[in-house]
Structures are given as structure tokens and as C-alpha cells.
Amino acid sequence: MSALTAAALLSLVSAISYALAAIVQERIAATTSPSRWGLLRSGTWWTAAGLQGTGALLHVVALGLGPLTVVQPLGVLTLVLAAPMAAVVGRRRVAAATWRGILLVSAGLAGVLLLTGDAGADSLRGSGQLSLATSVLAALALLVGTAAVLGRRKHARPGSRALALRSVCLALAAGVAYGAASVFVKTLADRWMSAPLLISVPLAVLTVALAAAGLATSQASYRGGGLATPLATATVANPVVAAAAGIVLLDEGFRYGATGAVLVLVAGAVATWGLVALTVDSARRTRGAPPGHTSPDEPGRALPPPRDGGPQVQHGGGTGHTADAEFTHRKRPADDTRAEVPRAGGRGKPVGRRPVAAR
């Protein structure tokens with residue numbers, strides 16, 4: 001087997017691993033209550049994290065065996081494979097509008113990657129590393145802050161535009177974090193032996209932190225956003241950030257000169273069109289879903305009702321009960337209702353207990 005064939009096969013397995021991780025993450029978001037640290041106690045979530053790590057490792061090995069122009073476009077398979085795999089797992093069909101959005105995003109992203117110049121063996125140096133780290137951290141703060149504001153709006157209910165934009169912002173943050181982490185991984189691999197330890201260790205710590213941030217924001221993006229829209233957004237943002245870093249910081253360019261640059265703009269517009277179509281369709285189907293539906297891509301999966309029969313409330317993309325609702329239900333004592341005591345006139349009025357005077 002040639003190195004190119006091995007790189008293509010590893011890229012395919014990596015795409016399958018990423019797609020499975022996305023499906024598991026979306027199901028977790030649709031069937032669990034929001035919790036800051038609760039997912040760390042979930043074996044299912046760790047399965048998703050393991051699938052993400054496996055996909056990333058296989059992608060790095062594929063990049064070592066094959067050229068960037070072959071390996072990176074094959075990453076689009078993650079988006080193409082996720083929809084039918086989710087349909088098989090959830091026993092549901094994929095809507096035609098979802099397929100149109102996926103195909104538009106895939107075609108646009110493949111065009112951008114094929115027209116971007118090969119990174120070669122060059123990697124970021126000290127000033128480039130600092131510039132990229134500063135830009136990425138600022139972008140993450142802006143995107144996560146915007147998502148937090150959108151999530152607190154009055155009209156941020158399932159199917160609302162605010163909730164859809166929140167999901168997109170978090171998915172963009174995940175893509176930015178993953179894209180920057182891949183650039184730093186390449187830098188570490190190229191300069192691990194030659195760079196001073198004082199530089200390599202902070203860069204390794206930053207890479208791990210970006211990977212963790214990408215995992216956290218991608219998980220949060222699936223809550224109320226379905227599967228296709230967050231996955232497509234992160235899949236586009238990841239390689240675009242890496243390509244932009246190469247163009248700005250490594251003096252790379254596009255193939256075919258000015259013509260290639262124009263074609264990249266057209267491909268980017270096609271990918272953006274697909275993302276907008278997915279977001280609008282996701283919000284529309286969530287808005288029209290009957291009560292108990294957790295996401296537009298997985299109808300009929302609701303959180304289990306409270307064990308004590310307490311009220312259910314909407315929460316993100318699904319239906320569940322919160323601690324406040326359950327507390328309110330339990331707080332109501334059984335003997336709170338006052339009995340109707342008939343009076344001499346025949347009319348019964350609620351009366352309370354009166355104190356009995358001491359004799």
C-alpha cells in the first residue's frame with residue numbers, strides 16, 4: 001500500500017470517528033439537562049471525547065503520510081457521513097433541505113481547501129505563534145461572550161433565532177479552537193527537538209487548552225442546535241482558520257493567482273449559503289416541533305419525566321425538569337388546601353383553624 005493510499009484511508013476513518021463523536025455529542029445535548037461539570041461523570045460523554053481524540057490522531061498521522069491538498073479536503077467527509085449515520089442510529093430520515101445545506105457546505109469547503117496553497121514544511125516562529133495565540137483567544141472570548149448574551153435573551157426559546165445564533169457562535173468557537181490547535185500541533189512536531197524547552201512547554205499547554213475549549217464549545221453548540229448546523233459550522237471554521245494562518249503568517253497564497261483568489265471567494269460564498277440554509281431550516285423545524293421533541297434532527301426523544309410527577313419545563317433543545325420546578329412542586333405541602341366547612345346557612349366557605357381558648 002502506498003503512502004498516499006494509506007493517508008486517504010486514515011482520513012476516511014478519521015472522518016467516521018469525528019462523525020460518530022458529533023452524533024454522540026448531539027444525543028447527549030438532547031437528552032440531558034445543562035450542567036457545567038456533570039458531563040465529566042458521564043461515560044457516554046467520555047466516549048465522545050475519545051472518538052474526537054481518535055479522529056484528531058488519525059488526521060495528524062494522515063498529514064504525515066500524505067499531502068495537505070489530499071488530506072484536508074477529505075475532512076469534508078465528516079459532514080457528509082454524519083447525516084446518514086445519524087439517520088441510521090436514530091431511525092429517521094434526513095430532510096431534503098438538510099441534504100441541500102450539507103452538499104452546499106461540502107462543495108464550498110472542498111473548493112476552498114483545494115485552492116489553498118500547500119503549507120509545505122514551514123511552521124510558525126515565535127512572533128507568529130504569539131500573533132495567532134492572541135487573535136484566537138480574543139476571537140474565542142468574543143464568540144463565547146456573544147453566545148452567552150444570546151442565551152440569556154427573553155426570546156431564547158427552542159426554534160428562536162437567538163438560540164440558533166447561539167449555537168452557531170459556539171460551533172464557530174469550536175472550529176477556531178480546533179483550527180488553531182492543529183497549527184500549533186504542526187509547529188510542535190516540526191520544532192520539538194530544536195526549539196527551547198521554555199518555548200515548547202507553553203505552546204504544548206496552549207494546544208491542550210485549545211483542544212479542551214474546542215471540545216467544550218462543540219458540546220454546548222449541539223444544545224438546541226440539532227446536529228447538522230453546529231457540525232457544518234465547526235467543520236468549515238476548522239480548516240479555514242488553519243488556511244488563514246498560513247496565508248497571513250506564512251506568506252502562503254491561493255493556486256492560480258488572482259483567478260484562484262476569486263474562485264476561493266465563490267467557494268466561500270457557497271459554503272456560507274449552505275450554513276445559512278442549515279441554520280434557517282434547523283430553527284424552522286425546531287419551532288414547528290411538537291412538545292417533547294428535543295431537536296430538529298432527532299424527533300420524539302425527550303428527557304424522562306420527573307420521578308415525582310413534577311412539572312416539565314423547556315430547556316435548550318429539549319424538555320426536562322429543572323431543580324427550580326422540582327423544588328416548587330415539592331415545596332407545596334399536601335395539607336395546604338383548606339377544607340370547606342358548612343355553616344348554618346347552608347353555604348360552605350373555606351375556613352382555617354381557629355385557636356382554642358384555654359379554659
Side-chain angles (χ1 to χ4, degrees), residues 52 56 59-60 63-64 67-69 71-73 75 108-109 111-148 168-218 221 233-255 257-258 260-262 264-265 267-268 271-272 275:
Q52 284 269 15
H59 184 72
V60 170
L63 284 174
L68 192 69
T69 52
V71 175
Q72 285 289 69
L109 180 57
V112 170
L113 294 174
L114 289 172
L115 291 167
T116 302
D118 195 346
D122 199 2
S123 58
L124 292 177
R125 299 191 180 273
S127 59
Q129 295 171 15
L130 182 61
S131 299
L132 180 60
T134 304
S135 302
V136 166
L137 292 176
L140 289 178
L142 177 62
L143 289 169
V144 173
T146 303
V168 169
C169 285
L170 290 171
L172 274 175
V176 169
Y178 283 140
S182 65
V183 174
F184 289 134
V185 164
K186 179 174 175 56
T187 301
L188 283 170
D190 290 345
R191 301 183 177 276
W192 180 257
M193 300 302 295
S194 59
L197 192 64
L198 198 60
I199 296 177
S200 298
V201 171
L203 191 59
V205 172
L206 177 61
T207 303
V208 173
L210 287 173
L215 184 61
T217 50
S218 66
S221 69
T233 304
T235 303
V236 169
N238 184 343
V240 167
V241 167
I247 293 169
V248 175
L249 300 174
L250 299 177
D251 295 327
E252 296 176 0
F254 300 110
R255 290 181 173 83
V262 173
V264 165
L265 291 176
T272 304
L275 287 176

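Keep in mind that what you see is a predicted model, and the values were worked out from it rather than measured.
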N/O donor-acceptor pairs under 3.5 Å from side chains in residues 209-217, not counting sequence neighbours:
residue	atom	partner	partner atom	Å
T217	OG1	A174	N	3.4
T217	OG1	A213	O	2.7
T217	OG1	G214	O	3.2

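Judged as a side chain to side chain donor-acceptor pair (under 3.5 Å), not a single pair has a partner in residues 134-148 (not counting sequence neighbours).
Considering all non-hydrogen atoms of both residues, L140 and A173 come closest at CD2-O, 3.2 Å. When all heavy atoms of A147 and C169 are compared, the pair lying nearest together is CB-CB, 4.1 Å. Closest heavy-atom contact between G260 and L115: O-CD1, 4.1 Å.
Atoms CG and CG, on L132 and L137 in that order, are 9.0 Å from each other to the nearest 0.5 Å. Taken to the nearest 0.5 Å, the CG atom of N238 stands 9.0 Å off from the OH atom of Y178.
The one candidate from V241, L143, V144 that meets the side chain to side chain contact (heavy atoms under 4.5 Å, CB included) condition with L172 is L143.
No side-chain heavy atom of P239 sits under 4.5 Å from any side-chain heavy atom of V112.
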